[in-house]
Visitor: 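Let me begin by handing over the structure; questions about it come next.
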Amino acid sequence: MKQKLASVIEKALSEIKNQGIIDENVTPKITIERTRDSQHGDFASNIAMILAKPAKMNPRQLAEKIVNALPNDPAISNIEIAGPGFINFFINPNAQYQIISQIHDLGHEFGKSDIGAGKKIQVEFVSANPTGPLHVGHGRGAAYGSVVSDLLEAVGFDVHREYYVNDAGRQMDILATSIWLRYLEECGEIIPFPSNGYRGDYIRDIAREIHQHSENDYRKPAELVMENLPADEPQGGDKEAHIDALINRAKELLDSSQYEDIFSLGLKQILDDIKEDLAEFGVTFQEWFSERQLMTNGSVQDALQRLDKAGYLYQKEGATWFASSQLGDEKDRVVVRDNGQTTYFASDIAYHMNKLDRGFDQIIDIWGADHHGYIPRVKAALQALGANPEKLKVLLVQFAILYRGKEKIPMSTRAGEFVTLRQLRNEVGKDAARFFYAMRRSEQHLDFDLKLATSKTNENPVYYVQYAHARVCSVFRQLDEKGWSRDIKQGMDNLDKLSQPHETELVATLSRYPEIVEKSALKYEPHQLILYLRELANEFHTYYNAHQFLVEDSALRNARLNLIDAAKQVIANGLDLLNINAPESM
RNA sequence: GCGCUUGUAGCUCAGCUGGAUAGAGCAUCGGCCUUCUAAGCCGAGGGUCGCAGGUUCGAAUCCUGCCAAGCGUGCCA
């Protein structure tokens, strides 16, 4: 409808240009907006106000000229000029009703479009280090990323969802060493656990499993393990130096295949757990991309060579630096440390180079907001590699703060105290968790109230939307019980009987759905869709309370049934995009 | 210090590529179940859009300065 009105105005403008009222070369962008107030019609354009200056005319006078030049269109029932020069369009109700049969015909497809034109777009999200189970902070990125992906797919992009697995580097060595130490405990060795090790119960579980399968194969005496180690922090030493020494000790005492066994078993167990957790949360990926692979297949070295060739690398204080400050970063960054190890950033450069080489038209990274300082250096790297940094879009997700009622739940990073995503799902359920996570703009801090999410009362917004869907289903069950059957054809032929204000408003809201999906997708804002669904549910509930659907007059009854069936379809489609269940009854 | 993000009703937040009287949920108060699920509906009160300037027909929205909060500012990942 918007496009139709825009083309109608376009014609009027060229007519006015012919009359010499405005200059031939003026080509304004025609915007059509939905009105907030129904007194202002259904759609409005501010074109006359924009053109008032170049035309050297009062906007209301110009609006009049434009309106006079507008061609007749059967869909438009009235046009008014209002306020400072808005042109308000009133749409013929019969034209509006067509949306009901359109929704019926398209079903699940209603709301989808092809504006993405099959462009390849990669969305990387979650990408939590595989050193432990996901916690509630990761949950928001997971929910947000998966809905953004689904939205983009719905509007016609070719979406590739990807999880970057940081399976290389020091954190993983700390993990492997932590598992080994717990394993030694299982064997009966007495060793003080390092303060910087991973202390969660899952580490013990993995260690126990290794012990059950391989007995004492990896056992070394405690004295050998502890011999000449620098002191840990509680003993007045440096915890970093202590854990690094322990890692080296593990690599010395175990032969390399043994160390690798423990390392990869720990990685696999934790990654499998993360995969299962996410799958149960309704989040799936096309690819789990390994950082280690980038290091072993030479991609990192390739990337560094390319940067070097482009003249962006230099040596200083024994390390290799990337001159990112030449490309908008606040300072230069180390890519190879003085001990010869490449940094995490070096892997990331190689990873992003790899993304571009795979031919994506657009790459989207979803990061926790605490990584925002990282954006300029990654963009700098892309530019140095000769790519357009605009191809990378980084979306930041703020932390979620858990509450139980008024009480804030501590989220200390100290081992064992965090709430895992799995615990959250068990407590509030997948639907409520996804809904709450996606409910707010991503860059807004999120207060997640567990009590509210689990409450089965009017306070809970998830049920509000689901209830509207269930209510429609219930009406159709009642229809059966009364021994009536639905006549879709008769209903469609009698849509003009839907003349109540509640009905015309509901129809107008339904017709907005495709625009909402498009806007939510292109702006990466799932909360827009949620807001819309709440509004739609509200209008349905209001309608439900104000009017009886199962009336004696079969023409009216079938028309109303077609309307609420359309509402049900749109709610189901919207919830489906959010990967939230649309129940038949509650 | 510098950078990013945020500041809108008692609380939690929409609205921000400038548009007409700034919206919603919760909370508070008052109504609606002999008729399709009351997990619902209707109504009322509640605002210096952080503060001060500027841009213009028009500013919560854009610009500048200031104030406040969070995060970042490693040869960690």
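Here is the naming used below: chain letters follow the sequence lines, and residue numbers restart at 1 for every chain.
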Visitor: Which nucleotide in the list B/U35, B/C75, B/G19 gets nearest to the side chain of A/Q548?
Guide: B/U35

Visitor: Remember a base hit wins even if backbone is also touched, and classify A/Q341 as base, sugar-phosphate or nothing at under 4.0 Å, heavy atoms.
Guide: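 No contact at all - A/Q341 keeps every heavy atom at 4.0 Å or more from the nucleic acid.
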
Visitor: Show me the donor-acceptor pairs, under 3.5 Å and distance only, between side chains in residues 315-323 of chain A and residues at least two apart or in other chains.
Guide:
unit_1	atom_1	unit_2	atom_2	d
A/Q315	OE1	A/T320	OG1	3.4
A/Q315	NE2	A/T320	OG1	3.1
A/W321	NE1	A/K316	O	3.1

Visitor: Does anything in residues 324-351 of chain A form a ring-ring contact (aromatic ring centres under 6.0 Å, His included)? List the pairs, not counting sequence neighbours.
Guide: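 Applying ring-ring contact (aromatic ring centres under 6.0 Å, His included) to every pair that reaches into residues 324-351 of chain A, excluding sequence neighbours, yields A/Y164-A/Y351, A/F289-A/Y351, A/F345-A/Y374.
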
Visitor: Identify which nucleotide among B/C16, B/G74, B/C75 has an atom closest to any side-chain atom of A/W321, counting heavy atoms from C-beta outward.
Guide: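 Closest of the options to the side chain of A/W321: B/C75.
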
Visitor: Please classify the nucleic acid contact of A/Q398 as base, sugar-phosphate, or nothing, using heavy-atom distances under 4.0 Å.
Guide: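 Sugar-phosphate, backbone atoms only, no base.
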
Visitor: Applying ring pair (Phe, Tyr, Trp, His ring centres under 6.0 Å), can you list everything that pairs with A/Y163, at least two apart in sequence or on another chain?
Guide: A/F285, A/W288

Visitor: Sort by first number and list every stem of RNA chain B: at least 3 consecutive Watson-Crick or G-U wobble pairs, both distances under 3.5 Å.
Guide: B:1-7 with B:67-73, B:10-13 with B:23-26, B:28-32 with B:40-44, B:50-54 with B:62-66

Visitor: Between protein and nucleic acid, restricted to nucleotides 8-10 of chain B and to nitrogen or oxygen atoms under 3.5 Å apart, what atom pairs and distances do you find?
Guide:
none

Visitor: Contact class for A/L550 (heavy atom, under 4.0 Å): base, sugar-phosphate, or nothing?
Guide: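 Counting heavy atoms under 4.0 Å across all strands, the contact made by A/L550 includes a base.
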
Visitor: Do any side-chain atoms of residues 433-440 of chain A form donor-acceptor pairs under 3.5 angstrom with protein atoms, and if so which ones, sequence neighbours left out?
Guide:
unit_1	atom_1	unit_2	atom_2	d
A/R434	NE	A/L578	O	2.8
A/R434	NH1	A/F281	O	2.7
A/R434	NH1	A/G282	O	3.2
A/R434	NH2	A/S146	OG	2.8
A/R434	NH2	A/L578	O	3.3
A/Y437	OH	A/V136	O	2.7

Visitor: A/D370 side chain: which of B/G15, B/G72, B/C75 is closest?
Guide: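 Nearest listed nucleotide: B/G72.
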
Visitor: Quick one: list whatever passes side-chain hydrogen bond (donor to acceptor under 3.5 Å, both in side chains) with A/D232, sequence neighbours left out.
Guide: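 In terms of side-chain hydrogen bond (donor to acceptor under 3.5 Å, both in side chains), with neighbours along the sequence ignored, A/D232 is linked to A/S195.
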
Visitor: Decide side chain to side chain contact (heavy atoms under 4.5 Å, CB included) for A/L577 and A/V147; before the verdict, give the C-alpha distance in whole Å, the side-chain angles of both, and the deciding distance to 0.1 Å.
Guide: CA-CA 7 Å; A/L577 276 175; A/V147 176; 5.8 Å; no

Visitor: Between the protein and nucleotides 20-24 of chain B, list every N/O to N/O distance that falls short of 3.5 Å.
Guide:
unit_1	atom_1	unit_2	atom_2	d
B/A20	OP2	A/R36	NH2	3.0
B/A20	N6	A/N88	OD1	3.0
B/A20	N1	A/N88	OD1	3.4
B/A20	N1	A/N88	ND2	3.3

Visitor: For nucleotides 41-43 of chain B, print each protein N/O atom paired with a nucleotide N/O atom at under 3.5 Å, atom names and distance only.
Guide:
unit_1	atom_1	unit_2	atom_2	d
B/C41	OP1	A/Y464	OH	2.4
B/C41	OP1	A/N538	ND2	3.3
B/C41	O4'	A/N545	ND2	3.0
B/C41	O3'	A/T542	OG1	3.4
B/C42	OP1	A/T542	OG1	3.1

Visitor: When you measure from the side chain of A/Q528, which nucleotide among B/C36, B/G15, B/C75 comes out closest?
Guide: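 Closest of the options to the side chain of A/Q528: B/G15.
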
Visitor: Looking only at atom P, what distance separates B/C11 and B/U55, rounded to whole Å?
Guide: 34 Å

Visitor: Using a 4.0 Å heavy-atom cut-off across all strands, classify A/K331 as base, sugar-phosphate, or nothing.
Guide: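 The residue A/K331 makes sugar-phosphate contact but no base contact.
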
Visitor: Can you list the residues that meet the side chain to side chain contact (heavy atoms under 4.5 Å, CB included) rule with A/Q383, with sequence neighbours excluded?
Guide: A/L327, A/P389

Visitor: If you compare every side-chain N and O of A/R337 against the phosphate oxygens of B/C76 (OP1, OP2), does one of them come in below 4.0 Å?
Guide: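 Yes.
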
Visitor: Output one line per pair: protein atom, nucleotide atom from nucleotides 2-4 of chain B, and distance, for all N/O pairs under 3.5 Å.
Guide:
unit_1	atom_1	unit_2	atom_2	d
B/G3	N2	A/H372	NE2	2.9

Visitor: So, is A/R441 near the phosphate of B/U5, with a side-chain N or O under 4.0 Å from OP1 or OP2?
Guide: no

Visitor: Base, sugar-phosphate or nothing for A/N129? Non-hydrogen atoms, less than 4.0 Å.
Guide: sugar-phosphate

Visitor: Looking across every strand, which nucleic acid part, if any, lies under 4.0 Å from A/M172 by heavy atom: base, sugar-phosphate, or nothing?
Guide: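 If one applies the 4.0 Å heavy-atom cut-off, A/M172 turns out to touch nothing in the nucleic acid.
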
Visitor: Name the residue closer to the 5' end of RNA chain B, choosing between A/E443 and A/H371 according to the nucleotide with the nearest heavy atom.
Guide: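 So the residue in question is A/E443.
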
Visitor: I want to check one thing: is the phosphate of B/C13, taken as OP1 and OP2, less than 4.0 Å away from some side-chain N or O of A/H445?
Guide: no

Visitor: Can you sort out the partners of A/H541 under ring pair (Phe, Tyr, Trp, His ring centres under 6.0 Å), two or more places apart, ordered by chain and number?
Guide: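 So A/H541 forms a ring pair (Phe, Tyr, Trp, His ring centres under 6.0 Å) with A/Y464, A/Y467.
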
Visitor: With rounding to the closest Å, how many angstrom separate the C1' atoms on B/G50 and B/G7?
Guide: 6 Å

